[in-house]
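See below for the structure under consideration.
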Amino acid sequence: MRVVTTAQPVDVQPLDVQPTPLALLLLGREADPKSERGVECPGDLPSPSDPDLVARARAAKEKLGDKVFILGHHYQRDEVIEFADVTGDSFKLAKDAAAKPEAEYIVFCGVHFMAESADILTTDDQKVVLPDLAAGCSMADMATAEQVAECWDVLTEAGIAGATVPVSYMNSSADIKAFTGKHGGTICTSSNATKALEWAFEQGEKVLFLPDQHLGRNTAVRDMGMSLDDCVLYNPHKPNGGLTAEQLRDAKMILWRGHCSVHGRFSVDSVNDVRARIPGVNVLVHPECKHEVVAAADYVGSTEYIIKTLEAAPAGSKWAIGTELNLVQRLANRFAAEDKEVVFLDKTVCFCSTMNRIDLPHLVWALESLAEGNLVNRIQVDKETESFAKLALERMLALP
């Protein structure tokens, strides 16, 4: 016998689930002024296939004249670097901007934290512009002001906050730089991290290193003779950072669980593979790489160090470089004429995705907008944050 039933309507109540701010941010439906990420640019961008983009960029820059100063980070595309008045790493560019007070507009072809630093170091009359607000930094995003404040509470409860000096990498948000300044710490770059740590240990017994664990670990162990046991890793996504009070009290270096998504991809296998493929190759890596990669390399240093090392290298030498691909390609082309072979350390292509958001259409749009009198994508740090962040930066500038 066949039985037929009729489904009764069910009163389904909507789930009381609220999307998180981060989810809304990633969907482009929300903005977070305290995050490195942006969401959109107003107005229409020129088409990337527009054959007149180069001419338009030149015309807009010429119209602006001395009113504009364009900074190009080493990791930018060649099409953008072509229009940069100066190139360099993040801190060099911020200092270059500060040394150009007559420029009304500072167009920073880099990422968000770099533009923040430029705003902190330039005058109130200067306006810092980031061609694409979505050009952020995943490393900088790995340490929020709220997370770091909670970490400091954990250190306080462990009884060691008073003996801990924060040292924050330049690759951090203005909020983190301000926290560092407010708590007696300093900023560092990959070039002067050793000096910054030496200074910090003169002020206190421990260092809270933000936000790149690898630069902190490599500097402490490789350059300052500490052991890996002197370092602990604070994970902001775990209660008490995943550490006991005893572990925190025993540590000299409290490393934040952050990293660079580009440099973190390199592995010891990458090093072994390139040595097998290219006999006699010199492996040169950035200190944001993992500790085991740095230990396996022949040379380790900042972006500027990498460039200077290749400049001083003899003709016929071979180099595998562990840093962002735009720069490696540019160096390979530059030094090929000097009979120096330069290759990317890994077989996998590894551009910095957020750096690459600054392309020629975004630059043209920003320059043409400024030339028409429309200020777009201004990066502006509030006065209180700027004050404490500048204090931390000034401590770095005072390092020997």
Side-chain angles (χ1 to χ4, degrees), residues 22-33 35-65 67-87 90 93 97 103-119 126-138 140-141 261-262 324-327 329-330 349-381:
L22 178 58
L24 290 171
L25 185 67
L26 295 175
L27 289 170
R29 299 177 188 170
E30 193 68 66
D32 181 0
S35 172
E36 284 289 300
R37 304 179 188 89
V39 285
E40 61 183 36
C41 297
D44 296 323
L45 293 179
S47 168
S49 60
D50 184 347
D52 298 324
L53 280 176
V54 171
R56 288 172 64 176
R58 287 174 180 163
K61 187 177 181 183
E62 184 176 350
K63 183 176 180 180
L64 286 163
K67 292 176 66 176
V68 69
F69 191 51
I70 303 177
L71 310 175
H73 190 272
H74 285 309
Y75 296 166
Q76 289 288 296
R77 305 162 181 253
D78 284 345
E79 67 187 44
V80 171
I81 288 293
E82 177 183 349
F83 294 97
D85 293 303
V86 291
T87 60
S90 58
L93 292 177
E104 182 179 353
Y105 304 116
I106 304 296
V107 177
F108 209 125
C109 297
V111 294
H112 195 274
F113 77 80
M114 300 179 185
E116 284 184 330
S117 297
D119 182 62
Q126 293 177 289
K127 289 93 174 174
V128 177
V129 170
L130 185 66
D132 185 352
L133 291 178
C137 172
S138 59
D141 274 340
S261 57
V262 171
E324 206 273 342
L325 186 55
N326 273 312
L327 175 61
Q329 288 182 326
R330 195 172 300 124
V349 172
C350 193
F351 290 105
C352 176
S353 59
T354 48
M355 279 280 188
N356 268 295
R357 294 194 67 96
I358 308 294
D359 55 14
L360 199 49
H362 280 89
L363 180 59
V364 168
W365 169 77
L367 292 176
E368 288 184 340
S369 297
L370 295 176
E372 293 167 3
N374 300 320
L375 178 59
V376 295
N377 286 12
R378 183 178 183 182
I379 302 299
Q380 194 168 19
V381 179

Please name all residues satisfying salt bridge (charged side-chain N to carboxylate O under 4.0 Å, His left out) with [X], sequence neighbours left out, ordered by chain then number.
X	answer
Asp52	none
Arg56	Asp50, Glu368
Arg378	none
Glu104	Lys67, Lys127

When rounded to the nearest 0.5 angstrom, what distance separates [atom1] in [X] from [atom2] in [Y]?
X	Y	atom1	atom2	result
Leu325	Asn356	CG	CG	9.0 Å
Gln329	Glu324	CD	CD	8.5 Å
Leu71	Ser90	CG	OG	11.0 Å
Glu82	Arg77	CD	CZ	14.0 Å
Met114	Cys137	CE	SG	7.0 Å
Ile358	Leu363	CD1	CG	8.5 Å

Heavy atoms only: give me the nearest [X]-[Y] pair and the separation to one decimal.
X	Y	value
Ala135	Leu130	O-CD2, 3.9 Å
Cys352	Val262	CA-CG2, 3.7 Å
Leu360	Leu53	CD2-CB, 3.8 Å
Arg330	Ile81	NH2-CG1, 3.6 Å
Phe108	Pro131	O-CD, 3.3 Å
Ile106	Ala97	CG2-CB, 3.9 Å

N/O donor-acceptor pair under 3.5 Å between [X] side chain and [Y] backbone:
X	Y	value
Asp132	His362	no
Lys61	Phe83	yes
Asp119	Val381	yes
Gln126	Ala103	yes

Between [X] and [Y], is any pair of side-chain heavy atoms under 4.5 Å apart?
X	Y	result
Leu370	Leu64	yes
Leu375	Val129	yes
Val128	Tyr105	no
Ser138	Thr354	no
Met355	Asn326	no

Does CD in Glu62 sit with more than 12 non-hydrogen atoms of other residues, nucleotides or ligands closer than 6.0 Å?
no
Residues which pass side chain to side chain contact (heavy atoms under 4.5 Å, CB included) with Asn374, listed by chain and number, not counting sequence neighbours
Ser369, Glu372
By ring-ring contact (aromatic ring centres under 6.0 Å, His included) - contacts of Tyr75 (at least two apart)
His73
